[in-house]
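What follows is one structure encoded as structure tokens, with my remarks underneath.
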Number of protein chains: 2
Amino acid sequence: MSKNAFRPPVMADVAQRAGVSHQTVSRVLNELPNVRQSTKDRVLQAIEELGYRRNLTARALVTRHSRVLGVVSFDTTLYGPASTLHGIEQAARGAGYFVSIVSLKAITHDSVREAIGYLASQGVDGIVLVAPQRQAAQALSSVPDDIPAVAVEGGRARKVPVVSVDQVGGARLAVEHLLELGHRTVWHIAGPADWLEAEGRIKGWQAALTAADRELPEMLTGDWSPRSGYEAGLELPADATAVFVANDQMALGLLRALAERRIKVPKQVSVVGFDDVPEAEFFGPPLTTVRQDFSLVGRHSIDLLLEQLDTDGPIRRRRVIVPAELITRSSTAPPRST
Amino acid sequence: MSKNAFRPPVMADVAQRAGVSHQTVSRVLNELPNVRQSTKDRVLQAIEELGYRRNLTARALVTRHSRVLGVVSFDTTLYGPASTLHGIEQAARGAGYFVSIVSLKAITHDSVREAIGYLASQGVDGIVLVAPQRQAAQALSSVPDDIPAVAVEGGRARKVPVVSVDQVGGARLAVEHLLELGHRTVWHIAGPADWLEAEGRIKGWQAALTAADRELPEMLTGDWSPRSGYEAGLELPADATAVFVANDQMALGLLRALAERRIKVPKQVSVVGFDDVPEAEFFGPPLTTVRQDFSLVGRHSIDLLLEQLDTDGPIRRRRVIVPAELITRSSTAPPRST
DNA sequence: GATGGCGATGTTAGCGTTCACAGTCTTTGC
DNA sequence: GCAAAGACTGTGAACGCTAACATCGCCATC
């Protein structure tokens, strides 16, 4: 117990100084009508003089709205989640909300549940789950009913709106680009099996090849890391001429492996990545890739969340798909043997 | 106004169900002594049955502690800030604190002030400022006295403890490594002038060269982006044999520029980066770089913050320096003309 | 068997807001 | 010039929790 008797001023202090009731101060703060301009000025001046700041905790207690949004995410060190988080934060703050984050080391049904419960007890008004793994999508169905939620890349989550990038379409774009260049078929280095994004890209890859009536090579699988792309690159058959890699980091690893194997890109092998990380343009060679607009994803997820908060009505199941875009650089070219 | 009369259970509901007073429920929840085991069990069971969750807002109102920590950061899309944020979040949650973030688009005195005020009114118990720019460090001196804060990479901030990586030492390591390999001198592509990290690396570079009695080449400057490294790479004089780049992204750009200029790395030019991003190992060639342990930085900053919270006493000015580590890969080699 | 002490529980009063309502003071219309 | 309709302002009671104190047993002590 320190003798520090200093207490930040409260509404009553402001009221007293301005010669009004605390309720009038509240009215001024909340910009309610029917306050005379002169008294409003007095109150504002008193607030200024005292350096008063409204106590949002007390406000939250009575209004039952904290104006805090919770975000549950997986490894915010990765470019995708980090960018999405950033987009969410910007959008939320723009709408006058705070953002409280929980970053999970592992996505399991239980860890997601726990994180959500944790945020719920803190009194968040809504939750965004950025967790593109199947388990996470399932865990979402155990969100308390009274708290609005949105899933990012959440698959066909029950009862919760979903925002996602068009993974299938993006993958198609990549594969079609390679086919148009004249490649017979396209290999794929996929992301980990339990990730919905990996799944979508696999689907798009298969769909594009099937649609063009090409044979489906055996699929290689990585874990998003450059190293796993490198390892896949060492295993890539010598007769492959085109590879679609599920993310840019693995593509980087692949490029490295190919360089070590003295395989020239794009002369002998064309490579397409996914994400368009800022570095992609400066890979050796600059990487053709599929761009995802993460900040748009973040913004949409907040929009959907706020929509639920405003209507307060039954949750409209909705799904927002953000298109992906092919960025053509110099890691792709027609096959040698044309 | 919906007819939704559903209200989550409150302490009184639990109390009634367990046949005790709400205060006893509180005691159980807070694990205070002097509650008979049998009543504790009854309370716990009632909590379980009702699915009760304590309302942390109400708790915060009366205890004047929210158990929320605020983080103000700059562009959480960058690898460094994102990793630091992640480290902070992990450490904070481990200590039972929530993390509320504000990510700034531009670091100015005013924007930092505003962000801090914003967090303060939300009632955070403490603030971590991750903002390695000079303006931010200054803005920190305007933090309200009653709220503990810690700066990450904050320079010699007044009255606030600082956690930082040993930028100068890291840069020295890089330059000394190059000199030991036999290079006459080392060029430097620096980060933007107003960043303290850039400044520290410049200092280390200069110090190492001066200590070895070498001439100081003209310094090139970038903005951390791969593109700026690329542009600097185009301007690099042909007689340069070794370059220390202030971060890995710019180093990537440099590698690209050198590749285009048909300059072989490391045969003709050696390159050292800074950060050790996960991709660095797979650059062409794998990049020798200086590793910063961002998660350790995050952990230390939380430690320092909690220390202030616990002691509640006068703020002990402290400074924690996290050492940097040289990671030797294959982008460095002895100069050709040895 | 009165006294004290201590463990276990209950009671009351806030924390700083907003909400619902009750006032009071101006207008306005005729 | 007077009533009614508005504008403006104040009063009390929540919100759900913890802190401080009060109370009740029960046992040890002399």
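Atoms considered below: every heavy atom in the structure, side chains included; atoms not considered: hydrogens, waters and symmetry mates. As the structure is a prediction and not an experimental result, all values here were calculated from the model. Chain naming here is simple, since letters A, B, ... match the order of the sequence lines and numbering starts at 1 in each.
- A sub-4.0 Å separation between OP1 or OP2 of C:dC15 and a side-chain N or O of B:Arg59 is absent.
- Within a 6.0 Å radius of CD in B:Gln135, other residues, nucleotides and ligands contribute more than 12 heavy atoms.
- Relative ring orientation between A:Phe98 and B:Tyr118 is described as parallel, the plane-to-plane angle staying below 30° on a 0-90° scale split at 30° and 60°.
- A donor-acceptor pair shorter than 3.5 Å can be found between the side chains of B:Asp75 and B:Thr77.
- The side chain of A:His22 lies closest to C:dT18, out of C:dT18, D:dG16, D:dT9.
- The side chain of B:Ser21 lies closest to C:dG10, out of D:dC17, C:dT18, C:dG10.
- Residue A:Arg7 places no side-chain N or O under 4.0 Å from the OP1 or OP2 atom of C:dC15.
- Between B:Arg36 and C:dT9, a side-chain N or O to OP1/OP2 separation shorter than 4.0 Å is present.
- In this model, the phosphate group of C:dG10 is approached by a side-chain N or O of B:Thr24 to a distance below 4.0 Å at OP1 or OP2.
- Listed pair B:Ser26 / D:dT18 meets the phosphate criterion, a side-chain N or O lying under 4.0 Å from OP1 or OP2.
- In the displayed structure, B:Gln16 atom CD is contacted under 6.0 Å by at most 12 heavy atoms of other residues, nucleotides or ligands.
- Taking for each of A:Val10 and B:Pro33 the nucleotide of DNA chain C with the nearest heavy atom, the 5'-most of the two is the partner of B:Pro33.
- Map B:Leu61 and B:Ser38 each onto its nearest nucleotide of DNA chain C; the residue landing nearer the 5' end is B:Ser38.
- Under the 6.0 Å cut-off for aromatic ring centres, A:Tyr79 and B:Tyr79 do not qualify, their centroids lying 6.0 Å or more apart.
- Put simply, the residue from A:Val71, A:Val160, A:Ile147 that forms a side-chain contact (heavy atoms from CB on, under 4.5 Å) with A:Ile127 is A:Ile147.
- Contacts of A:Asn34 with the nucleic acid, taken as non-hydrogen atoms under 4.0 Å apart, include base atoms.
- Proximity of B:Thr39 to the phosphate of C:dT9: a side-chain N or O atom is located under 4.0 Å from OP1 or OP2.
- Following rounding to the nearest Å, B:Leu56 (CG) and D:dC17 (C1') show an atom-to-atom distance of 10 Å.
- Comparing atom distances between the B:Thr63 side chain and each of D:dT18, C:dT18, C:dG16 picks out D:dT18 as nearest.
- At whole-Å resolution of the value, CG in A:Leu29 and P in C:dC19 are 12 Å apart.
- The side chain of B:Val35 lies closest to C:dT9, out of C:dT9, C:dT18, D:dC17.
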Pairs under 3.5 Å (N/O, protein and nucleotides 20-22 of chain D):
none

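- Side-chain N/O atoms of B:Thr76 and B:Ser73 include no donor and acceptor closer than 3.5 Å.
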